[in-house]
Amino acid sequence: MLKFIKKAKLVLLITALSIFSVSVALYMKDGIAGPENPYEDLKRFSEVMTLIQKNYVEPVDTKTLLYGAIKGMLESLDPHSTFLTPEMFKEMQTETKGSFEGIGIEITIKDGILTVVAPIEDTPAFKAGIRSGDQIVRIGEEHTKNMSLHDAVKRLRGSKGTEVRVWIMRKGWSEPREFIIVRDVIKTKSIKWKIIEPGYGYIRITQFQERTDEDLKNALIQLNKKSPLKGLIIDIRNNPGGLLDQAVKVADVFLEDGLIVSIRGRNSDQKKDFYAKKDGMEPHYPIVVLVNNGSASASEILAGALQDHHRALILGLETFGKGSVQTLIPLEDGSGVKLTTAIYYTPSGKSIQAKGIIPDIKVPEEGISVHPPKKQRPIREENLERHLKPDSEEKPGEEGRQAMEEAEKPDIQLERAVEILKSWEVFKKLAM
């Protein structure tokens, strides 16, 4: 889950180092130096940097050393905090606008191995057959053991039309298999929709981007023009998340009032409650939300809010369990920091960090058991190195439409959702 800070009162580490010696001298003078004095640790860092600059076999640029140090510092915190070079920071901001060049996957790191959270729908990776939970063991000639997310993204990204070879290891395979993927401009369409049959609509949210709420409202208008909705399916399977404010705005479309999500961080400006507004609420027709292990972050905010307010039935598999908020903070040289700054809580006050959203009705996907053996379970937040532990304490908290292609295999979860919506209508009539 990402937030943006337009102005940040941060100074580059190189500035801190320029005043370092003065600060150490003052602390030493006051008799504060010791194991608990952070300036002693900075002193060791300065000594190591000097040793490298004087004795390393080849000359090393100071910025390279500083970038490496900042990168290592952030990646020691949790799987989602990282340092972004100016190029990467610019790409990260562009991504949320819905266009970048690459193969189209969301990745994380588990046990030093690059792991796919989810492929973005209709992208080269998706069409090549990359799945949630796949491990990327090699990119080109480079093995990925202990490769950072920054380096992995740099290797996977590239100009449209160029090829990238990745070796994938998947549960049930005895050895990795090679995938040759042709990069493209990834223009992710956050909303896709179709009419399942008169009165019953289907909306797929692939990612939460800058205009997702507006695209959703337009889709609902088009669906109701065809036939007034009696029931709706919202599909957020393999949706890796996106912008916090968009998750809130999408939930607000279906809620009349009440808390949508709370975020809690260390500082007062990182403690916020987001509430639904009464204007513009959709009619109270039944809703089924489809989720799976690739539903993460903003997807979980939406599912959690609709579930806690009894506004929708959640169907599928347990979600990823990424209940933390990352803030993009720009630095003076155009680089930036993606830093975990808060944990979010559902309206009922529960954190889903490393837990996920538990569906009201568990329905397996094709080839995936609801309760798979432990060794075969898909990757989730709780499996990531240095993941934040779950918090047990509860806190307050058009013909020209984007047509959906029919799946080649039966969609068990979607079929079940349609059955539930139709049954809902039947039981409502019986109760009259």
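As the structure is a prediction and not an experimental result, all values here were calculated from the model.
- Checked against side-chain hydrogen bond (donor to acceptor under 3.5 Å, both in side chains), Asp215 has no partners two or more places apart in sequence or in another chain.
- Looking only at distances, a side-chain donor or acceptor of Thr123 sits under 3.5 Å from a matching main-chain atom of Gly104.
- Using a 3.5 Å distance cut-off with no hydrogens or angles, the side chains of Ser295 and Arg237 do not pair a donor with an acceptor.
- In this structure a side-chain-to-backbone donor-acceptor pair under 3.5 Å is missing from Asn267 to Gln270.
- With hydrogens and angles left out, the side-chain atoms of Gln53 and Thr62 include a donor and acceptor closer than 3.5 Å.
- Screening Ile113, Val116, Ile168 for a side chain to side chain contact (heavy atoms under 4.5 Å, CB included) involving Gln135 leaves a single residue, Ile113.
- Applying the salt bridge (charged side-chain N to carboxylate O under 4.0 Å, His left out) rule to Arg177 yields no partners; only residues at least two apart in sequence or on another chain are considered.
- For Asp61 and Tyr67, the side-chain atoms include no donor-acceptor pair closer than 3.5 Å.
- Listed by chain and residue number, nothing satisfies the salt bridge (charged side-chain N to carboxylate O under 4.0 Å, His left out) test with Arg416 (two or more places apart in sequence, or in another chain).
- Judged by distance alone, the side chains of Asp273 and Ser262 do bring a donor and an acceptor atom under 3.5 Å apart.
- Evaluation of the side-chain hydrogen bond (donor to acceptor under 3.5 Å, both in side chains) rule for Tyr285 yields Glu282 as partners, not counting sequence neighbours.
- Evaluated for a side chain to side chain contact (heavy atoms under 4.5 Å, CB included) with Leu84, the options Leu328, Ile70, Val153, Leu149 yield exactly one hit, Leu328.
- The pair Glu318-Lys362 meets the salt-bridge criterion, with a side-chain N (NZ, NE, NH1 or NH2) lying under 4.0 Å from an Asp/Glu carboxylate O.
- Between the side chain of Glu415 and the backbone N or O of Ile412 there is no donor-acceptor pair closer than 3.5 Å.
- Each of Asp235, Asn239, Val363, Asn238 was scored for a side chain to side chain contact (heavy atoms under 4.5 Å, CB included) with Asn292, with one residue passing: Asn238.
- Under the side-chain contact (heavy atoms from CB on, under 4.5 Å) criterion, Asp151 pairs with Lys71, Met147, Ser148, Arg155, sequence neighbours left out.
- Among residues two or more places apart in sequence or in another chain, the side-chain hydrogen bond (donor to acceptor under 3.5 Å, both in side chains) test is passed with Thr212 by Ser190.
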Would Val291 and Leu315 count as a side chain to side chain contact (heavy atoms under 4.5 Å, CB included) here? Give the steps. CA-CA 6 Å; Val291 298; Leu315 184 151; over 6 Å; no
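- Looking only at atom types and distance, the side chain of Gln326 has a donor-acceptor partner in the side chain of Ser324 under 3.5 Å away.
- Checking side-chain atoms of Ser423 against main-chain N and O of Glu419 turns up a donor-acceptor pair under 3.5 Å.
- A side chain to side chain contact (heavy atoms under 4.5 Å, CB included) with Leu306 is found for exactly one of Leu255, Ile301, Val288, namely Leu255.
- In the model, Thr341 has a side-chain atom that pairs as donor or acceptor with a side-chain atom of Thr327 under 3.5 Å.
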